[in-house]
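Read through the structure below, which is laid out as structure tokens, and then see the notes.
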Amino acid sequence: MAALSLRMLSKSKANIVATSVRAFSASTVKYINEGPNVYKPTHTGQVWDKDDYRNLRFVDKDKLINPNWAINLIQEDPVVVVDKNHAWSNSCGALGHPKVYINLDKPEIAVCGYSGRKFIQKKYYNEAKHGPSITYEAYLEQMKGDSR
């Protein structure tokens, strides 16, 4: 980042005084004690260049990185097998999402747009293709646990 200079002219009664002001330049800052995570991407995939001024916040500190990315956690979640042709998804609790009804007529996994939970009708479920599963009743019990 190049140093900025600003030339200011101020008028006095009889003379003109010229002063020069130099702004802070981030390119002169040396990174001394950086932690091991400074250049690792965050859980959103955000990463900055080595010369980016935003790295100043990690001088003498380490950047906190959450290795559990949400997209990977959702993929590990088991499929909810439902006996009927519809189900509802509701993550309950104060930080939950609204109740959403999910149509399971198609022979494929239906995904809740809020929580990412996967649902499929029992007659279409194949363990080899769709992975581990839980019953809809077990899912409803989990949701009761979230609201306590």
Side-chain angles (χ1 to χ4, degrees), residues 1-10 19-148:
M1 190 157 117
L4 303 173
S5 64
L6 173 67
R7 188 143 176 93
M8 296 173 24
L9 297 175
S10 61
T19 54
S20 180
V21 178
R22 183 181 164 137
F24 173 73
S25 171
S27 63
T28 61
V29 176
K30 301 292 182 211
Y31 301 117
I32 299 167
N33 294 323
E34 298 172 329
N37 297 324
V38 170
Y39 302 110
K40 288 185 181 176
T42 64
H43 66 285
T44 60
Q46 189 174 37
V47 67
W48 296 293
D49 291 333
K50 193 167 187 147
D51 294 333
D52 197 317
Y53 72 93
R54 290 173 284 194
N55 287 323
L56 287 173
R57 70 182 102 180
F58 306 120
V59 172
D60 295 329
K61 297 180 209 123
D62 193 18
K63 183 175 172 184
L64 299 176
I65 300 292
N66 184 353
N68 300 322
W69 291 38
I71 194 166
N72 296 335
L73 294 174
I74 289 171
Q75 287 176 350
E76 294 172 4
D77 210 15
V79 177
V80 179
V81 177
V82 184
D83 291 329
K84 299 179 182 176
N85 66 345
H86 65 281
W88 58 266
S89 175
N90 182 3
S91 62
C92 304
L95 298 176
H97 67 72
K99 185 182 272 190
V100 178
Y101 289 89
I102 298 173
N103 184 359
L104 302 173
D105 285 334
K106 295 181 180 179
E108 57 192 38
I109 290 179
V111 179
C112 172
Y114 287 100
S115 64
R117 281 309 284 257
K118 301 172 280 193
F119 298 86
I120 194 165
Q121 200 172 3
K122 187 174 186 173
K123 66 183 178 182
Y124 301 126
Y125 174 69
N126 179 357
E127 186 174 3
K129 181 179 177 184
H130 300 113
S133 69
I134 62 170
T135 64
Y136 187 59
E137 292 74 24
Y139 167 75
L140 294 176
E141 281 299 315
Q142 285 178 356
M143 293 304 102
K144 283 183 188 176
D146 284 351
S147 63
R148 290 183 194 156

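Quick caveat, the model's predicted, so the values are computed rather than measured.
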Nearest-0.5 Å distance that lies between atom CG in Leu104 and atom NZ in Lys122: 14.0 Å
Would you compute the distance between atom NE2 of His86 and atom CD1 of Ile102 and round it to the nearest 0.5 angstrom? 11.0 Å
How would you list, by chain and number, every residue that makes a side chain to side chain contact (heavy atoms under 4.5 Å, CB included) with [X], sequence neighbours excluded?
X: Val47; result: Pro41
X: Lys40; result: Asn37, Ile65
X: Tyr114; result: His97, Pro98, Val100, Cys112

Got a list of side-chain donor-acceptor pairs under 3.5 Å for residues 71-85, not counting sequence neighbours?
unit_1: Asp77; atom_1: OD2; unit_2: Arg117; atom_2: NE; d: 2.9
unit_1: Asn85; atom_1: ND2; unit_2: Asp105; atom_2: OD1; d: 3.3

Taking every non-hydrogen atom, the tightest pair across Ile120 and Glu108: CG1-O, 3.8 Å
Enumerate the salt bridge (Lys or Arg N to Asp or Glu O under 4.0 Å) contacts for residues 62-75, please, sequence neighbours excluded, ordered by first and then second residue. none
Without placing hydrogens or testing angles, list every side-chain donor-acceptor pair under 3.5 Å for residues 128-138, not counting sequence neighbours.
unit_1: His130; atom_1: ND1; unit_2: Asn126; atom_2: N; d: 3.1
unit_1: His130; atom_1: ND1; unit_2: Asn126; atom_2: O; d: 3.2
unit_1: Ser133; atom_1: OG; unit_2: Tyr125; atom_2: OH; d: 3.3
unit_1: Thr135; atom_1: OG1; unit_2: Ala138; atom_2: N; d: 3.1
unit_1: Tyr136; atom_1: OH; unit_2: Trp88; atom_2: N; d: 3.1
unit_1: Tyr136; atom_1: OH; unit_2: Trp88; atom_2: NE1; d: 3.3

Side-chain donor/acceptor of Asp49 to backbone N/O of Asp51, under 3.5 Å: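 Side chain of Asp49 to backbone of Asp51, a donor-acceptor pair under 3.5 Å: no, none is there.
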